[in-house]
K.L.:
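I am attaching a structure below and will ask some questions about it afterwards.
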There are 2 protein chains.
Amino acid sequence: MKTIKDIAQMAGVSKSTVSRYLNGGSISKNTKEKIHKVVEETGYKPNQFAQSLKAKRTGLIGAIVPRLDSYATTETLKGIETSLLKQDVQTMIVNTDLCMEREIDSIYMLAKRKVDGIILMATHISEEHMKAIKAVDCPIVIVGQSHADLLSIVHDDYNAGKQVANWLIKHNKHHITYVGVSENDIAVGKTRKDGLFNPLKEHGIQPKFIESSFSIKDAQQIGENITIREDEVIVAATDNIALGIYHTLLKAEGMMPTIIGFGGNKITEIVAPTIQTVKFKYNLAGETAVDVLNKCINNQPVEKLSVIDTYFEGLDK
Amino acid sequence: MKTIKDIAQMAGVSKSTVSRYLNGGSISKNTKEKIHKVVEETGYKPNQFAQSLKAKRTGLIGAIVPRLDSYATTETLKGIETSLLKQDVQTMIVNTDLCMEREIDSIYMLAKRKVDGIILMATHISEEHMKAIKAVDCPIVIVGQSHADLLSIVHDDYNAGKQVANWLIKHNKHHITYVGVSENDIAVGKTRKDGLFNPLKEHGIQPKFIESSFSIKDAQQIGENITIREDEVIVAATDNIALGIYHTLLKAEGMMPTIIGFGGNKITEIVAPTIQTVKFKYNLAGETAVDVLNKCINNQPVEKLSVIDTYFEGLDK
DNA sequence: TTGTAAGCGTTATCAT
DNA sequence: ATGATAACGCTTACAA
């Protein structure tokens, strides 16, 4: 690989002149052309490490995701990349496969690689996380969960639940089964559920509650033990749960109730209109994350918490 | 940020001693402990750029993918990451969103970042690709397509088609509609189709052929104009096409034929057993890619082309 | 406008 | 076992 020294020699100038050429310093037209020619011929590219050794920014940001095979993840990443590409910044995606240890490791690893910032799609922020985040001294924003001490982007889970509640109330649905997840997951397990249950309660409606995991398999299990009335509506905390239940019910060949999920997963369209879904603006969340991160990097004032709204276009029936 | 110099000073030794400590050189137990203590306290991490400036390897490999929201992509990436993690190598995933220009750019970008190697999940290898690949002088393996001048990993598309053909023959299916894609895509459009059509031909069976794009939307369109006999089997070149057709047929509430797709997409299980699918070993493909890449990096002999087999566990009906 | 030289934070090669 | 010292490829004062 050619170095700046080689180019300088070949062009018959000094290293610094080449450096200036590269970085837009002032040089005579003549030398400019000489250097240009050599650069073209050799296909010379400056060594990024040598560059980064001096300059502080790497033009790289890290995105830590819990998994790749999720609609939420890929859509958020799309939002992130779209924003970042405009600034000519690359994204280094690190998949942790839901392993918390790898999540922590990744924070250190990315910091070591001197990324300009980190976007963490969080499932749960532990003490370990906080320790790592403090330690690395690298701008971080988390999306999907909120934390008082961190810059966070969250979806409006309470309102998401409420939007479904409103729809149920409007359409006079009284027999509701909610298949949720553990309240350990604040956003999905608690907030989303509260958003659904509270307004319903005001109307004297109390859904049946069944707890599931996030896994499609477990949801299928649950589908087997569910009893449905004619006018039942099943609300599932996630699209995957909705799909799992749907599948079981489909195989059972009994009644197929309306099922409502959360996430806006495209796949639910395949079984629309049986499954309806509350849409989350993942792209926007990703873009917002970049926005917040940028502000943080540039020491501009930022809002600690950004809330992204959701929407539910429930069918009229 | 602390540097090796700081650590050296704090521990009262020289830079080189610290460096030796870091890299497992020979040092006395005493100094080792002194340094260890300081490193612990400060949370010191060596600067990777300074390291990479000397060492040739970065412990980073690049994975260029055409899209993130695809089962094939995420599964292959999983295979890649599993292998790589064992060697303590990170993956830098670059998503090109099916934009060929970004694919080319990414090759240059990754090379600039001095990745140890590149895995390219290819849709089509153009002249531009070859030019870039030659230019960067960085080990590359492509997966999903084969190219005479490149290290490639491919799925056994011909056999995949043949496996379906065998099943059709065995179960006496004579009325078959094949929804394929353009033959511009060698692997999917041509090889897969040939694998299906050739054996059928030997048994005097000639499927109807309809050309689709890869998009689920287009497949839905096609579903609308399809006519089905009682004992029809629809074979779709991809799971997404299968799903699209399924959806349309479902809405039409007419007959629901058996539909066979390719890819092993988990989502098809949701509508099993209507949709069956030929499974591809994406994980293995990813692992193999890493394997080949490693050999290439270490100048060991490698097979130019690795073929990954597929399997189809067709239902007995 | 151009060149010289001193870093940037490591590792590697010498001596000691 | 340890410490100087010279790279690595680049940027950036500072001189010229």
Side-chain angles (χ1 to χ4, degrees), chain A residues 1-39 42-60 108-116 136-138, chain B residues 1-39 42-60 88 108-109 111-116 136-138:
Chain A
M1 223 20 175
K2 296 255 173 286
T3 75
I4 199 173
K5 196 176 156 193
D6 299 321
I7 306 299
Q9 278 173 352
M10 295 170 75
V13 296
S14 77
K15 289 198 298 175
S16 27
T17 308
V18 178
S19 178
R20 248 176 259 118
Y21 163 83
L22 258 15
N23 302 297
S26 61
I27 38 177
S28 75
K29 198 167 174 198
N30 193 6
T31 36
K32 186 180 209 159
E33 273 164 14
K34 273 194 300 187
I35 299 175
H36 180 76
K37 192 152 159 271
V38 179
V39 169
T42 55
Y44 165 75
K45 305 272 182 214
N47 179 319
Q48 292 226 340
F49 299 118
Q51 281 181 324
S52 304
L53 203 52
K54 302 234 52 150
K56 14 205 38 105
R57 42 156 303 177
T58 52
L60 234 196
Y108 287 112
M109 185 276 286
L110 288 170
K112 260 181 70 171
R113 292 209 185 272
K114 292 269 187 299
V115 293
D116 296 335
V136 298
D137 178 42
C138 166
Chain B
M1 222 24 176
K2 296 257 173 284
T3 74
I4 199 172
K5 194 175 158 193
D6 300 320
I7 306 299
Q9 276 171 356
M10 295 171 74
V13 296
S14 77
K15 288 198 300 174
S16 18
T17 308
V18 179
S19 178
R20 247 177 258 118
Y21 163 84
L22 260 15
N23 301 296
S26 61
I27 37 180
S28 74
K29 199 172 172 194
N30 192 7
T31 36
K32 187 180 208 160
E33 273 162 14
K34 274 195 301 189
I35 299 176
H36 180 76
K37 192 153 157 273
V38 179
V39 168
T42 55
Y44 164 76
K45 305 275 181 210
N47 180 317
Q48 293 229 340
F49 298 121
Q51 282 181 322
S52 303
L53 203 52
K54 301 236 45 153
K56 13 205 39 107
R57 40 156 305 179
T58 51
L60 232 197
D88 202 35
Y108 287 112
M109 186 275 286
K112 258 180 75 170
R113 292 210 185 271
K114 292 271 189 296
V115 292
D116 296 336
V136 297
D137 178 42
C138 166

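The chains referred to below are lettered A, B, ... by the order of the sequence lines, with proteins before strands, and numbering in each begins at 1. Remember, it's a predicted structure, so these values are computed and weren't measured experimentally.
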K.L.:
Rounded to whole Å, please give me the gap between CD in B:Gln9 and P in C:dG9.
P.N.:
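About 12 Å, once rounded to whole Å.
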K.L.:
Answer with base, sugar-phosphate or nothing: what part of the nucleic acid does A:Ser16 contact at a heavy-atom distance below 4.0 Å?
P.N.:
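Here A:Ser16 touches the bases of the nucleic acid.
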K.L.:
When the distance from CD1 of B:Ile35 to P of C:dT10 is rounded to whole Å, what number comes out?
P.N.:
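Between P of C:dT10 and CD1 of B:Ile35: 13 Å.
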K.L.:
In whole angstrom, give the distance that lies between atom NZ of B:Lys5 and atom P of C:dT10.
P.N.:
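Computing the B:Lys5:NZ to C:dT10:P distance gives 11 Å.
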K.L.:
Does C:dT11 have OP1 or OP2 under 4.0 Å away from a side-chain N or O of B:Gln51?
P.N.:
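For C:dT11, OP1 or OP2 has a side-chain N or O of B:Gln51 closer than 4.0 Å.
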K.L.:
Rounded to the Å, how far apart are A:Leu22 CG and D:dT12 P?
P.N.:
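Going from A:Leu22 (CG) to D:dT12 (P), I get 12 Å.
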K.L.:
Is the distance from OP1 or OP2 of D:dT2 to the nearest side-chain N or O of B:Thr31 less than 4.0 Å?
P.N.:
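Checking D:dT2 against B:Thr31, a side-chain N or O does come within under 4.0 Å of OP1 or OP2.
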K.L.:
Is the phosphate of C:dT10, meaning OP1 or OP2, less than 4.0 Å from a side-chain N or O of B:Gln48?
P.N.:
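No.
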K.L.:
Do any side-chain nitrogens or oxygens of B:Ser28 fall under 4.0 Å of OP1 or OP2 in D:dA1?
P.N.:
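Answer no for this pair, as no side-chain N or O of B:Ser28 is under 4.0 Å from OP1 or OP2.
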K.L.:
If you look at every strand shown and take non-hydrogen atoms under 4.0 Å, does A:Thr3 touch a base, only sugar-phosphate, or nothing?
P.N.:
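Answer is sugar-phosphate: A:Thr3 comes under 4.0 Å of backbone atoms only.
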K.L.:
Tell me the interatomic distance from B:Glu33, atom CD, to D:dA1, atom C1', rounded to whole angstroms.
P.N.:
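About 15 Å, once rounded to whole Å.
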K.L.:
Kindly confirm or rule out a cation-pi arrangement of A:Lys45 over B:Tyr108, judged by NZ or CZ under 6.0 Å from the six-membered ring centre and within 45° of its axis?
P.N.:
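That pair qualifies as a cation-pi contact.
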K.L.:
For B:Tyr21, answer base if it contacts any base atom (sugar-phosphate contacts may also be present), sugar-phosphate if it contacts only those atoms, and nothing otherwise; contact means non-hydrogen atoms under 4.0 Å.
P.N.:
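If one applies the 4.0 Å heavy-atom cut-off, B:Tyr21 turns out to touch nothing in the nucleic acid.
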K.L.:
Consider the side chain of B:Ser26, meaning its heavy atoms from C-beta on, and name the nucleotide among D:dA1, D:dG3, D:dC10 that approaches it most closely.
P.N.:
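The answer is D:dA1, which lies nearest to the side chain.
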K.L.:
Report yes if some heavy atom in the side chain of A:Asn47 is under 4.5 Å from a heavy atom in the side chain of A:Thr3; otherwise report no.
P.N.:
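Counting from C-beta outward, A:Asn47 and A:Thr3 never come under 4.5 Å.
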K.L.:
Does B:Lys15 get its side chain close enough to the base of C:dT10, under 3.5 Å, for a donor-acceptor pair?
P.N.:
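Looking at the base of C:dT10, it does pair with a donor or acceptor on the side chain of B:Lys15 (distance under 3.5 Å).
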K.L.:
Please examine the side chains of A:Asp6 and A:Thr42, heavy atoms only from C-beta on, and report whether any two atoms are closer than 4.5 Å.
P.N.:
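Side-chain contact under 4.5 Å: no.
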K.L.:
Look at the side chain of B:Ser19 and the base of C:dA12, then say whether one donor and one acceptor between them are separated by less than 3.5 Å.
P.N.:
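Check fails, no donor-acceptor contact within cut-off.
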K.L.:
Taking C-beta and beyond as the side chain, do A:Cys138 and A:Leu110 meet within less than 4.5 Å on heavy atoms?
P.N.:
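Not in contact.
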K.L.:
OP1 or OP2 of D:dC8 sitting under 4.0 Å from any side-chain N/O of A:Asn47?
P.N.:
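For D:dC8, OP1/OP2 do not have a side-chain N/O of A:Asn47 under 4.0 Å.
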K.L.:
Report the distance from atom CG of A:Asn23 to atom P of C:dT2, rounded to the nearest whole Å.
P.N.:
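Distance, rounded to whole Å: 15 Å.
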K.L.:
If we only count heavy atoms from C-beta on, is the B:Val18 to B:Val13 side-chain gap below 4.5 Å?
P.N.:
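Counting from C-beta outward, B:Val18 and B:Val13 do come under 4.5 Å.
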K.L.:
Given D:dT2, C:dT2, D:dA1, which nucleotide is nearest the side-chain atoms of B:Arg20?
P.N.:
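Out of D:dT2, C:dT2, D:dA1, the nucleotide with an atom closest to B:Arg20's side chain is D:dT2.
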K.L.:
Can you check the A:Phe49 CZ to D:dA7 C1' distance for me, whole Å?
P.N.:
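Between C1' of D:dA7 and CZ of A:Phe49: 18 Å.
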K.L.:
Are any of B:Ser14's side-chain N or O atoms less than 4.0 Å away from OP1 or OP2 of D:dT2?
P.N.:
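Indeed not, no polar side-chain atom of B:Ser14 lies that close.
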K.L.:
Could you state the atom-to-atom distance from CD1 of B:Ile4 to P of D:dA4 in whole Å?
P.N.:
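One finds 14 Å between P of D:dA4 and CD1 of B:Ile4, rounded.
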K.L.:
Just to be sure I understand the rule, does B:Ile27 reach a base, reach only the sugar-phosphate, or reach nothing, if contact means heavy atoms closer than 4.0 Å?
P.N.:
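It contacts sugar-phosphate atoms only.
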K.L.:
Got A:Tyr21 and A:Ile7 here, is their nearest side-chain heavy-atom distance under 4.5 Å?
P.N.:
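No. Closest side-chain heavy atoms not under 4.5 Å.
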